[in-house]
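The block underneath contains the structure these notes are about, expressed in structure tokens.
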Amino acid sequence: MNLDLALRTSIQQAVTALFNQQVEQLQIQPTNQEFEGSHTLVCFPLTKISKKGPEQTATAIGEYLVVNSGIVSRFNVVKGFLNLVIADKVWVEVFQSIFANKNFGLLEKNGREVMVEYSSPNTNKPLHLGHLRNNFLGYSVAEIYNALGFTVHKVQIINDRGIHICKSMAAWKLYGNGETPQSSGLKGDKLVGKYYVEFDKNYKAQMKELVEKGMSEAEAEKKAPIMLLAVEMLQKWEAKDEATVQLWKAMNGWVYDGFESTYKRMGVDFEKLYYESNTYLLGKEEVLRGVESGVFFKKEDGSVWVDLTSDGLDQKVLLRGDGTSVYMTQDIGTAILRFRDFPKIEGQVYTVGNEQEYHFKVLFLILKKLGYKWAEKCYHLSYGMVDLPSGKMKSREGTVVDADDLMQEMADDAEKQTREIGKTEGATDAEIKDLSEMIGLGALKFFLLKVDPKKRMLFDPNESIQLQGHTGPFIQYTHARIRAIIRKAESMGVKPTKSELTQVTSLEPAEREVVFMVNNYINKLSEAARDYSPAVVANFAFDLAKGYNHFYQSIPIFNETDQAKLKFRIAFSQVVADVLKKSMRVLGIQVPEKM
RNA sequence: GGUCCGGUAGCUCAACUGGAUAGAGCAUCAGAUUUCUAAUCUGACGGUUCGGGGUUCGAUUCCCUGCCGGAUCACCA
């Protein structure tokens with residue numbers, strides 16, 4: 001049964017019967033801990049209809065519900081708040097339908113399609129902590145929509161083209177001595193990243209030298225020999241010079257291999273990859289088409305611009321004077337290409353840091369001006385930077401936290417703690433490794449996902465490896481403990497069936513509370529989808545685990561002599577484990593059978 | 001300077017989109033294992049929700065203003 005709907009309908013009936021008026025909007029919220037009840041109707045807004053004080057209004061509705069609804073057993077009124085006590089038999093019924101539904105928490109396909117873009121790194125640097133937040137967020141949002149019945153396409157755009165990759169290429173050519181991942185054993189993305197740093201180092205040294213010889217800083221920036229080489233390579237690449245394209249392919253290949261292993265460990269995946277080198281030309285075409293149709297304009301030097309001043313923004317360049325494309329150009333092309341590839345998607349979600357808010361505002365406006373209606377359904381999932389206790393991550397200062405290193409540290413630390421606690425009796429080393437990986441990554445993902453994406457967050461390494469409290473492992477542990485109960489029940493031959501559950505007529509407060517939470521799961525998922533916030537699900541899972549632990553501690557299940565109650569509690573535990581698993585699943589976190 | 005975010009317990013974060021005496025975790029202190037996993041549970045301590053105005057039955061939430069922090073405003077990505 002759908003309790004929320006039933007309750008809402010009953011209250012609407014009450015209002016109609018008592019005050020002879022219809023209401024659409026009802027404010028129903030969870031009852032505060034200090035009062036009896038689970039659902040609270042806020043009655044202040046109803047006083048206009050009832051023409052009575054808030055307390056009398058609440059009392060009248062409460063009395064009506066107890067007599068007529070068949071759901072509400074008692075009520076109390078505090079100021080304008082009507083606190084409702086749902087009858088235990090109703091709770092049992094609610095639970096029964098959840099228990100009977102194997103696919104609880106997974107809605108049927110609704111025929112709608114969306115696309116979620118995330119990750120989208122540059123190919124000149126290895127992935128770091130910021131990418132982890134990005135990937136976990138994007139992946140989770142996609143999984144949340146998927147659970148709600150949407151068909152979701154996970155994609156990314158790979159910025160494989162442009163001056164940045166040419167910088168790595170230039171440095172490699174000058175100082176690489178033919179180094180490859182095979183020759184040095186270095187992971188491909190790390191190797192290319194090394195030469196990007198190498199470029200920067202030499203570039204700065206050359207600039208300094210030129211400035212000392214009396215050149216202006218601005219000129220030195222352009223005239224440094226290594227930069228001239230990078231620019232030359234970019235031009236050669238655009239002209240499809242064979243040797244340059246070869247090197248470009250080789251170096252990008254190394255990066256992709258490196259990224260692939262990182263993604264695999266992160267547990268994220270993509271349906272389709274888009275490459276800037278394949279989309280920028282389409283973007284260029286679209287821009288030129290826009291010039292013809294008068295949406296954009298050309299300046300004397302040949303550069304193409306869009307004027308967004310009437311939208312409160314500035315003028316923005318779309319093609320350089322020499323006809324080459326900028327970042328915006330390729331994003332236009334990519335967006336259009338994606339809607340051609342997946343004509344049924346209604347919109348796109350771009351998981352990109354908040355420093356690009358302006359960029360996406362402009363992009364969506366441009367697409368709209370080009371006449372694409374779907375532009376309005378595009379959403380920039382903008383998230384805050386991840387700070388370290390020492391402040392911002394800065395590549396120049398070497399304070400960047402590498403994604404591979406961090407995952408390894410988390411797994412190592414989880415293993416250390418797992419062995420210290422010493423519950424792994426009988427487990428093989430490989431099993432302990434697997435478990436530690438699950439716990440370490442669970443801790444990391446939960447840590448990054450529990451915070452509202454919009455907010456900038458602090459990553460404290462010491463706190464992130466904590467496995468107690470508001471953490472992923474806390475939830476994983478709760479799941480493992482429940483599984484132990486289920487195993488025991490099975491070995492005892494206790495297997496609850498749907499029809500047996502209704503033999504239970506009264507519940508413990510802790511049980512009621514947990515059924516309430518479980519029943520709210522879909523609402524939470526929807527809320528998370530609406531706000532593009534996995535944090536909603538993360539906090540739900542944590543609250544559910546906490547609620548269950550409270551029950552676990554206060555009620556020893558197998559001491560129960562009443563068979564009906566025993567079976568109910570086994571079923572109840574099973575459902576909690578299932579919902580914990582599913583909610584963690586959409587966060588990309590696995591849960592163990594034992595830990 | 002313009003625009004956009006953010007400021008909540010010592011620290012990290014919540015607060016159902018305007019509702020009750022603002023909640024968790026960590027840290028600190030005090031307790032709980034002959035019983036299903038103590039990576040757990042129960043208490044205690046901890047607040048001028050950045051300051052000041054306003055809107056109303058009611059404000060952490062909306063408006064104005066000031067302060068602090070961040071992002072952004074490139075023929076970069």
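Just so it is clear: chains get the letters A, B, ... in the order the sequence lines come, proteins before strands, and each one is counted from 1.
- Here A/H359 does not reach the OP1 or OP2 of B/A77: none of its side-chain N or O atoms lies under 4.0 Å away.
- By the 6.0 Å and 45° rule, A/K450 does not stack over the aromatic ring of A/F542.
- Annotated as anti: B/U35, whose O4'-C1'-N torsion sits more than 90° from 0.
- Taking only side-chain nitrogens and oxygens, A/Y552 comes nearer than 4.0 Å to OP1 or OP2 of B/A38.
- Distance from the side chain of A/E355 is smallest for B/A71 among the nucleotides B/A71, B/C36, B/A77.
- Within 6.0 Å of NZ in A/K567 there are more than 12 heavy atoms belonging to other residues, nucleotides or ligands.
- Across all strands, A/Q466 comes closer than 4.0 Å to no nucleic acid atom at all (heavy-atom distances).
- Here, B/U49 and B/A20 have their P atoms 14 Å apart, quoted to the whole Å.
- Of all nucleotides present, only B/C57 satisfies the Watson-Crick or G-U wobble test against B/G19, with each distance under 3.5 Å.
- Counting non-hydrogen atoms under 4.0 angstrom, A/F474 reaches the backbone sugars and phosphates but no base.
- Searching all strands for a Watson-Crick or G-U wobble partner of B/G31 with both distances below 3.5 Å returns B/C41.
- Under the 6.0 Å distance and 45° angle rule, A/R161 does not count as a cation-pi partner of A/Y275.
- Pair assignment for B/C4: B/G70, on the basis of Watson-Crick or G-U wobble contacts that are both within less than 3.5 Å.
- Rounded to the nearest Å, the gap between the P atom of B/C73 and that of B/G10 is 37 Å.
- For B/C26, the paired base is B/G10 (Watson-Crick or G-U wobble, both distances below 3.5 Å).
- Using atom C1' as the reference point in both B/A30 and B/U8, the two lie 28 Å apart (nearest Å).
- A salt bridge links A/K433 to A/E415: one of the charged nitrogens lies within less than 4.0 Å of a carboxylate oxygen.
- Within the 4.0 angstrom heavy-atom criterion, base atoms lie near A/P45.
- With B/U37, B/G19, B/A20 as the choices, the nucleotide that has an atom nearest any side-chain atom of A/F44 turns out to be B/G19.
- Base engagement by A/N559 is indicated by at least one non-hydrogen atom pair under 4.0 Å involving a base atom.
- Side-chain proximity of A/F81 to the nucleotides B/G19, B/C4, B/U72 is greatest for B/G19.
- At B/U37, none of the side-chain N or O atoms of A/R483 fall inside 4.0 Å of OP1 or OP2 (strictly under the cut-off).
- For the OP1/OP2 pair of B/C76 and a distance below 4.0 Å, the side-chain nitrogens and oxygens of A/R320 include at least one atom meeting the criterion.
- Backbone-only contact: A/L458 has heavy atoms under 4.0 Å from sugar-phosphate atoms and none from a base.
- Using a 4.0 Å heavy-atom criterion, one finds that A/L319 contacts no nucleic acid atom at all.
- Rounded to whole Å, the separation between the C1' atoms of B/G31 and B/C36 comes to 23 Å.
- Residue A/Q27 is in base contact, counting any heavy-atom pair closer than 4.0 Å across all strands shown.
- Among B/C41, B/U12, B/A38, the nucleotide with an atom closest to any side-chain atom of A/R481 is B/A38.
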N/O-N/O pairs, protein side and nucleotides 14-17 of chain B side, under 3.5 Å:
residue	atom	partner	partner atom	Å
B/A14	OP1	A/D452	N	2.7
B/A14	OP2	A/K455	NZ	3.0
B/U17	N3	A/R530	NH2	2.9
B/U17	O4	A/R530	NH2	2.8
B/U17	O4	A/D531	OD1	3.1
B/U17	O4	A/D531	OD2	2.4

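- Contact annotation: A/K79 side-chain N/O to B/C57 OP1/OP2 distance is not under 4.0 Å.
- With the nearest nucleotide of RNA chain B identified for both A/D543 and A/D460, A/D460 has the one nearer the 5' end.
- Within 4.0 Å of A/I157, counting heavy atoms only, lies no atom of the nucleic acid at all.
- Note on A/V78: a base of the nucleic acid sits closer than 4.0 angstrom, heavy atoms only.
- If you check distances only, the side chain of A/N83 does reach the base of B/A20 with a donor-acceptor pair under 3.5 Å.
- You cannot call A/F542 stacked on the base of B/A24; the centres under 5.5 Å and planes under 30° rule is not satisfied.
- A/D160 comes within contact range of no nucleotide atom at all, as no heavy-atom separation falls under 4.0 Å.
- For A/N83 and A/N76, the side-chain atoms include at least one donor-acceptor pair closer than 3.5 Å.
- A/W305 does not carry A/K298 over the face of its six-membered ring by the limits of under 6.0 Å from the centre and within 45° of the normal.
- Shown here, B/G51 forms a base pair with B/U65; the pair counts as Watson-Crick or G-U wobble because both key distances fall under 3.5 Å.
- Shown here, B/U33 is classed syn by the O4'-C1'-N9-C4 or O4'-C1'-N1-C2 angle, which is within 90° of 0.
- Base contact: A/T40 has a heavy atom under 4.0 Å from a base atom.
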